[in-house]
Amino acid sequence: VNIEAREVFQRMSQDELENLILHLGRYALKVCCKYRWRSGNPMELPKGETSDSIVSKAIKMVLDGSERRWDPKKHPDVTKYLMDTLDSLINHLANCSENKLVKYESDCVGNDEKHWHTGGPERGPTTDWLVRQETPESILLRKEDQALEDLALSMLVDSCKNDPVLLRVIESMQKGQDKPAEISHSTGIQVEEIYNAIKRLDRKAALVRRRMQSKAIDGRGETAKRLGRRSSS
Amino acid sequence: LNNKKHTTRGLELLERINRLGEGVEWSNEELREALREEGVDPENLVRSVLSSVSPLLSGSASEERVTLDSCGLDRSLLGRLRKAGIDRQLLRRLPCQANVESKSGRTSENGPGLAIKAAQTISRVFGWAPELILNPAAQLELDPTVIATACFKLPRRANVQRVRAYTVYAHTLALILLDATRDLPHGSIPTSAEDLSSDIKAQYGSVSFENALRYAWSLGIPVLPLSDSGAFHAACWREKGRNIIVLKQPVRSLARWLYDLIHELCHAGRNPKEPRRSVVEYEKLEGKRLSPEEKEANQIAGDVILDGRAEQLAKMCVVAAQGKVEWLKRVVPMVAKREHVATDALANYMAFRLSLEGVNWWGTATGLQNTDVDPWQLARNVLKERIDFSSLSYLDLVLLEQALIDDWELEA
């Protein structure tokens, strides 16, 4: 048992502990929505896990300290540490063999293209020629990507159409403002109201994400594959 | 240069919103609502996670923590501590400093090293210099300034030394808690039953133990719940103008704890200009031995809990019982039901009222208490919400944590 971790948990009041669990539950669901799952449901994960059980697993790992030793001096924020643990657990599940029915074409691409895109060490006149030219298929995929982006944006805007404050916040974020104070400055709305708007917007965004997932599942076509591929990459 | 990243991409925007949402503080209710919208039952989530991790969480904090009753102190020191009133029950509450090192990887010490570490803890709690504790010829005397004002009402049959030692221990905990709550706001305490009752109702809606508890904290008065048996059942100390209440009632009934809390709040409101004060409640004493301040505090507690009708209800009970004490046990629940008040609250007031006439009815009143909800746990949870643990030294932190473990857990 990681005594320090347990003492941190024991020091929490019931309300604080519940807040942590609810927060992690919601975070796990958000992370799960970014991946493609063979079950088609982000709450039903491979190996019999669920979004609830994965939260328990993350907390247990921190408490028992056997697989992942939490060092409060290195990572003073236990919530952040648990979120990282969830990221790692969910990523692991998404990439496990049980979740992989097929390999996407893009997964078969070697490192050369990756290095070109990331400006890796091999970039140079000798490797530039390795980057593939656009093909009719890649053009189609790019268009599909764009369609997904448009769909997400229109669903988000549509879900906020009755809340003018949210529409102004979205507009400000599109312009690149990504901090509450900046959004407040650019919209002229009090920062306290921005905090409340962010919570409302976050809830709308989570629903949009879920609806995008179910649309993708219903289609079971390229869109589903693209969503899964994009998220896991 | 405008280095802000404009975007028209929907998925990118969703990601940015996600990151912003992570940086905002969400209340439990907001999180519950959001989860419900997303198709998750929040109650089920909390229940399932808690039941799954509770075996790891509920492992007693003392499991790895070495305490002075079991760390192998030499017999001579144990004997001297016992003489000073520090028995095994109290030693279980005192962590051995050696454990601080063992947590960081070093092995536990024994022999002289252990005695020095133990002396540091004893010194912190009882104020004796470590050299005095380690000197086999020295006698250990408790701090008279803490116990002098406190022990004036001690019953004859009490183990005086033990009660004194426990009082000094609880006083040290009270000082630690005051230190960890120094940022609490400071409010004035109403001195009449009407004002106290209307204040609690105005802020929290009704007079219940939890509401009164939160009310006390809102006035800047920390409430420390302890679970050891014996010694005293409640205390109110004031240090440098700040009050603190200790509740230690062995009867785990909301009504009894509410009664004690309101009673102690009355003491806390007395003589506000005195920077230092000490009231320690030992056993329930008979009326003739009660001081006027005690009588008044009991009367106010009864009136606050019974909505100003304490005396009227007590008379109703006496009339219904035709003046026979032995009938009261049956009559009190009937009157409580008819008058829409809690049976246990009325029973407590009756016990106090009868004590003024030399009748000890506290035992029967205890039998009429509702013990479904544990007030000690409730008080501990509220304390954990309000306290700033990070402001404490490690020794103070473990002393306080060890004090907040339920008595039966230590036995287990």
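The sequence lines fix the lettering, A, B, ..., with proteins before strands; numbering per chain opens at 1. Remember, predicted model here, so these are calculated numbers, not experimental data.
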Subject >> Heavy-atom proximity to chain B below 4.5 Å, by part of A:Leu24 >> reply: neither

**OP:** Just give me the residue among B:Val46, B:Val40, B:Leu383, B:Asn381 that pairs up with chain A most often, heavy atom to heavy atom, under 4.5 Å.
**Re:** B:Val46

**OP:** Search all heavy atoms of A:Asn19 against all heavy atoms of B:Trp26 and return the closest pair with its distance.
**Re:** ND2-O, 2.9 Å

Original post:
Say you draw a straight line from CG of A:Leu22 to CD of B:Glu29; how long is it, rounded to the nearest 0.5 Å?
Top reply: 9.0 Å

**OP:** Using a 4.5 Å cut-off on heavy atoms from C-beta on, say whether the side chain of B:Lys384 contacts that of A:Glu16.
**Re:** no

Subject >> Student check: side-chain heavy atoms of B:Val53 and A:Phe9 closer than 4.5 Å >> reply: no

Subject >> Value rounded to 0.5 Å, distance of CG in B:Asn28 from CD1 in A:Ile21 >> reply: 10.0 Å

**OP:** Of all the heavy-atom pairs spanning A:Ser56 and B:Ser48, show the shortest one and how long it is.
**Re:** OG-O, 4.2 Å

Original post:
What residue in A:Leu201, A:Val55, A:Leu17, A:Val208 has the most heavy-atom pairs under 4.5 Å with chain B?
Top reply: A:Leu201

Original post:
Thinking salt bridges, do A:Arg203 and B:Glu30 make one under a 4.0 Å N-O criterion?
Top reply: no

Subject >> Euclidean distance, A:Glu149 CD relative to B:Glu12 CD, rounded to 0.5 Å >> reply: 8.0 Å

Original post:
Which of the residues A:Lys30, A:Met12, A:Gln146 is involved in the greatest number of heavy-atom pairs with chain B at under 4.5 angstrom?
Top reply: A:Lys30

Original post:
Is the number of heavy atoms from other residues, nucleotides or ligands under 6.0 Å of A:Tyr195 OH greater than 12?
Top reply: no

Original post:
Distance-only, no hydrogens or angles: does the A:Lys199 side chain make a donor-acceptor pair with backbone N or O of B:Glu25 under 3.5 Å?
Top reply: yes

Original post:
Top residue by heavy-atom pair count (under 4.5 Å) with chain A, among B:Leu35, B:Leu400, B:Leu45?
Top reply: B:Leu45

Original post:
Of all the residues in residues 160-170 of chain A, which have a heavy atom that comes within less than 4.5 Å of a heavy atom in chain B?
Top reply: A:Ile170

Original post:
Just wondering, more than 12 heavy atoms not from A:His185 lying within 6.0 Å of its NE2?
Top reply: no

Subject >> Inter-chain contacts: residues 13-24 of chain B against chain A, heavy atoms under 4.5 Å >> reply: B:Leu13, B:Leu14, B:Glu15, B:Arg16, B:Ile17, B:Asn18, B:Leu20, B:Gly21, B:Glu22, B:Val24

Original post:
Would you call A:Arg210-B:Glu38 a salt bridge at under 4.0 Å N-O?
Top reply: no

Subject >> From CZ (A:Arg11) to CG (B:Leu397), nearest 0.5 Å >> reply: 4.5 Å

Original post:
Any idea which heavy atoms bring A:Arg26 and B:Ala34 closest together, and the distance?
Top reply: NE-CB, 3.3 Å

